[in-house]
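Report on the structure given below.
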Amino acid sequence: MSARVLAGFAACVLVVLSTTGQLPAADEWNQFLGPQRNGIAPSATGLLDSWPANGPKEVWRVPSGVGMSGMAISGGSLCTLVQKDGQQWLVALDALTGKQQWETALAPEYK
């Protein structure tokens, strides 16, 4: 590989690293398990140990079969994995309504 190609590659890597090293806004979970990929929301404080009797009502629910996935939420979309029809699917849902925006098959059903 020539020095010119290596220099160009190094420059591209630096640009990518400098633009992806920023944390998203506190309310953005734009990758699975959140900004730090650990499932912890550092901005979430004062959380309840249990819901009160008149606690929050369920806003929407989407049937999805076996569930073992985290969720990524960004730009009003919620992405997660579901299992149905003998397949694992990546689905995007409207975060406010639960209405499916798109889906794509990823792999055979997990057993």
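The residues of the chain are indexed from 1 along the displayed sequence.
Summarising the geometry, atom CG belonging to Leu106 is positioned 7.0 Å from atom CD belonging to Gln88; distances are rounded to the nearest 0.5 Å. Annotation: the span from Lys99 atom NZ to Asp94 atom CG amounts to 8.5 Å, rounded to 0.5 Å.
Not a single salt bridge (charged side-chain N to carboxylate O under 4.0 Å, His left out) links Arg37 to another residue, sequence neighbours left out. Scanning for side chain to side chain donor-acceptor pair (under 3.5 Å) contacts around Glu109 gives an empty result, with sequence neighbours left out.
None of Gln100, Gln101, Glu103 except one satisfies the side-chain contact (heavy atoms from CB on, under 4.5 Å) rule with Leu93; the exception is Gln100.
The shortest non-hydrogen separation linking Gln87 to Ala105 is OE1-CB, 3.3 Å. Minimum interatomic distance between Thr80 and Ser69 (heavy atoms only, all atoms of both residues): OG1-OG, 3.0 Å.
In terms of hydrophobic clustering, with Ile, Leu, Val, Met, Phe, Trp and Tyr side chains grouped at heavy-atom distances under 4.5 Å, Leu96 and Val62 are assigned to different clusters.
Cluster partners of Trp51, using a side-chain heavy-atom cutoff of under 4.5 Å among ILVMFWY residues and allowing indirect links, are Leu48.
Checked by atom type and distance alone, the side chain of Trp60 pairs as donor or acceptor with a backbone atom of Ala95 at under 3.5 Å.
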